[in-house]
Visitor: 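Take a look at this one; I'll ask things after.
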Protein chains: 2
Amino acid sequence: MVKELDKKIEALPDHVGWRLWQASRAWQAEFAAAMRAAGHGWFTEARAGLLGHIARNGMRQSALIERSAISKQAIQQLLDGLEAEGIVERLPDPQDGRGKLVRYTRKGLDALHDGDRVKMEIERRYIGRIGKERFTALMDALRALAAAQAAAMDEDAGAEGEVVESK
Amino acid sequence: MVKELDKKIEALPDHVGWRLWQASRAWQAEFAAAMRAAGHGWFTEARAGLLGHIARNGMRQSALIERSAISKQAIQQLLDGLEAEGIVERLPDPQDGRGKLVRYTRKGLDALHDGDRVKMEIERRYIGRIGKERFTALMDALRALAAAQAAAMDEDAGAEGEVVESK
DNA sequence: TGAGTATCGTCAAGTATCTTGACTATATGG
DNA sequence: CCATATAGTCAAGATACTTGACGATACTCA
C-alpha cells in the first residue's frame, strides 16, 4: 500500500511545463465546479478565457480577436455558443457595416459577477494553501514571464517573423 | 497606434487561473516548436505529458493510469497514437493476463532524450527571462500548490466525496 | 470449486477547443 | 470605378478529452 503510493509520487514529472499544465488544469476544474454549483454549467474553460477579454460595456468582435491569442474562427465559434446560451449578443456596428459589436446580456453580466466572486474565492483558497508570500511570488513570476514572452515575440515579429511560407 | 496598444494591454485578465493557462500554453507552444525543429513533429502536448509519466524501463498501463490525471480511455487513445508512431509498444503482462506493459521503442527513447534536452533549454531560457530567483520561487509555489491540492483531494475522498449521483 | 465481484484494457460515441481554407460583404484609397 | 484590405462566416478536420458499455482475466470467500 505505502509502497505503491511512494511509487506514484516519486515518478511525477517536475519540469516547469508540466507543473504549469497541472496547475492550470486544477484551477480550471475548481473554477468550473464552482460555477456549475452556482448554476452556470455552460461556463467552460475556453469560454471563461474569452469572457475575460470582453469589456463590460461591450466591444467590437475584431478588437476581441486582437486581444485573444486564438484565431478569429475559434472566437466566432465560442461567441456562437455564448450567444446561444444567452450570455452575449452581437449587434451590427453602426460605424462599420462589416463589423459587429459584442456585448453582455443581463444574464451574462450576472454570470460575470458570479465568476469574479468565484475567482476571488479560489484565490483565497490558494493563499490559504500555500501562504500569501508564495502566492504573491507566483503571480509575480507569472506576470514577469508573460511580459518577457510578449517582448520576445515582438522582437521576433519586428526582426523577420515571416519565414513561414517558404518551401 | 499607441492608444490601441494601451487598450490591448490594459484589458488583459490578471487572475491566477488566466495567468497559469497563458503560461502553460506558451510553454507548450515553445516546446512543440522546438520538438518540431528537432524532427519530432508527432510530439503533441498531451503526448508529451503522458510520456513524462512512462518510466524509462517501461511500466504497466494500469500504473500509468494511476499516475496520470486523465481517464484510462484517454490514455489508451494517446497510447494508440504513440504506438502507431512507433514511439512505444505494448506487450502482454506475463504476470497478469489482463494487463499490458508499455515500453519505449528505440525511436521513443531517442525522442525522449531530445525532449529532455529541449525542456532544459526552455528552462534556461525562462531563467534568463525572469531571473533565477523568480524561477525558483515559481517552481516552489507550483510544487506547493500541487501538494496542497493533492492533499485536499485526498481529504475529500476520505470524508464523503460520493455525493455525485444524488437526484 | 464455483459464484460473485473487482480490475484491466478496449470499443464506440459524443463534446470542447482549436486549426486551415474558402468565401461574402463592406470599406478604403488611388 | 477598381484593386485591395478588413470583418465576419461557413465548412471540414484534428486533437484531446469525456462517459458508458463491454469482454476477459484475476481475486475472494463460502
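Scope of the values below: all heavy atoms of this structure, side chains included, with no hydrogens, waters or symmetry mates. Here is how names work: the chains are called A, B, and so on, in the same order as the sequence lines, proteins then strands, and each is numbered from 1.
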Visitor: Under a 4.5 Å side-chain heavy-atom rule over Ile, Leu, Val, Met, Phe, Trp and Tyr, are Ile130(B) and Ile122(B) clustered together?
Guide: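 Yes, one cluster joins them.
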Visitor: Mind checking whether Arg143(B) and Asp14(A) have side chains closer than 4.5 Å, heavy atoms only?
Guide: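 Touching, per the 4.5 Å side-chain cut-off.
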Visitor: Between dT19(C) atom P and Glu45(B) atom CD, what is the distance in whole Å?
Guide: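 Checked: the CD to P distance equals 11 Å.
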Visitor: Can a side chain N or O of Ser62(A) be found less than 4.0 Å away from OP1 or OP2 on dG8(D)?
Guide: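 Answer is yes, contact under 4.0 Å.
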Visitor: For the pair made of CG in Leu64(B) and P in dT7(C), what is the distance, rounded to whole Å?
Guide: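 In whole Å, dT7(C) P and Leu64(B) CG are 18 Å from each other.
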Visitor: Does the separation of the ring centres of His15(A) and Trp21(A) fall below 6.0 angstrom?
Guide: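 Ring-ring flag for His15(A)/Trp21(A): false, centres at least 6.0 Å apart.
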Visitor: Expressed as a whole number of angstroms, how long is the span from Lys100(A):NZ to dG8(D):P?
Guide: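 Interatomic distance, NZ of Lys100(A) to P of dG8(D): 8 Å.
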Visitor: Give Arg47(B) one of three labels, base, sugar-phosphate or nothing, depending on what nucleic acid heavy atoms sit under 4.0 Å from its own.
Guide: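 It contacts nothing in the nucleic acid.
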Visitor: Within the structure shown, what part of the strands sits under 4.0 Å from Asp96(A) by heavy-atom distance: base, sugar-phosphate, or nothing?
Guide: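 Counting heavy atoms under 4.0 Å across all strands, the contact made by Asp96(A) is with sugar-phosphate only.
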Visitor: Using whole Å, what does the distance between atom P of nucleotide dA16(C) and atom CG of Leu79(A) come to?
Guide: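 Between P of dA16(C) and CG of Leu79(A): 16 Å.
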Visitor: Less than 4.0 Å between a side-chain N and a carboxylate O, is that true for Arg56(A) and Asp116(A)?
Guide: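 Counted as a salt bridge, because a side-chain N and a carboxylate O are separated by less than 4.0 Å.
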Visitor: Should the pair His40(A) and Phe43(A) be assigned to parallel (<30°), tilted (30 to 60°) or perpendicular (>60°) ring geometry?
Guide: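 It falls in the perpendicular class, over 60°.
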Visitor: Check for a donor-acceptor pair, side chain of Lys107(B) on one end and backbone N or O of Glu85(B) on the other, with a separation under 3.5 Å.
Guide: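 Checking the backbone N and O of Glu85(B) against the side chain of Lys107(B), a donor-acceptor pair under 3.5 Å is found.
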Visitor: Using heavy-atom distances to pick each residue's nearest nucleotide on DNA chain D, tell me which of Arg25(A) and Arg90(A) is more 5'.
Guide: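 With Arg90(A) and Arg25(A) compared, the 5'-side residue is Arg90(A).
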Visitor: For the residue pair Val88(B) and Thr105(B), establish whether any side-chain heavy-atom pair is separated by less than 4.5 Å.
Guide: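 The answer is no; the side chains never approach within 4.5 Å.
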Visitor: Take the protein atom CD1 of Ile70(B) and the nucleotide atom C1' of dT19(D), then report the distance between them rounded to whole Å.
Guide: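 The distance from CD1 of Ile70(B) to C1' of dT19(D) comes to 15 Å, rounded to the nearest Å.
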Visitor: Please give, in whole Å, the distance from dC18(C) P to Ile65(A) CD1?
Guide: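 About 14 Å, once rounded to whole Å.
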Visitor: Counting the atoms with a prime plus P, OP1 and OP2 as sugar-phosphate, which does Asp93(A) contact under 4.0 Å by heavy atoms, base, sugar-phosphate, or nothing?
Guide: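 Result for Asp93(A) = nothing.
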Visitor: dA16(C) P sits how many Å from Gln28(A) CD, rounded?
Guide: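 Those two atoms, CD and P, are 15 Å apart.
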Visitor: Between dA5(D) and Arg98(A), is there an OP1 or OP2 to side-chain N/O distance shorter than 4.0 Å?
Guide: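 No, Arg98(A) has no side-chain N/O under 4.0 Å of OP1/OP2 on dA5(D).
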Visitor: Among dC8(C), dT10(C), dC17(D), which nucleotide has an atom closest to any side-chain atom of Trp21(A)?
Guide: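 Nearest to the side chain of Trp21(A) among the choices is dC17(D).
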Visitor: CD of Glu66(A) versus C1' of dA7(D): gap in Å, rounded?
Guide: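 So the CD-C1' distance, Glu66(A) to dA7(D), works out to 12 Å.
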Visitor: Please tabulate the protein-to-nucleotide N/O contacts below 3.5 Å involving nucleotides 20-23 of chain C, giving atom names and distances.
Guide:
residue, atom, partner, partner atom, Å
dG21(C), O6, Gln73(A), NE2, 2.7

Visitor: Check the phosphate of dG9(C) against Gln76(B), side-chain N and O only, distance under 4.0 Å to OP1 or OP2. Yes or no?
Guide: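 Answer is no, no contact under 4.0 Å.
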Visitor: Would you mind telling me which of dA16(C), dG8(D), dG9(C) lies closest to the side-chain atoms of Thr44(A)?
Guide: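 Closest of the options to the side chain of Thr44(A): dA16(C).
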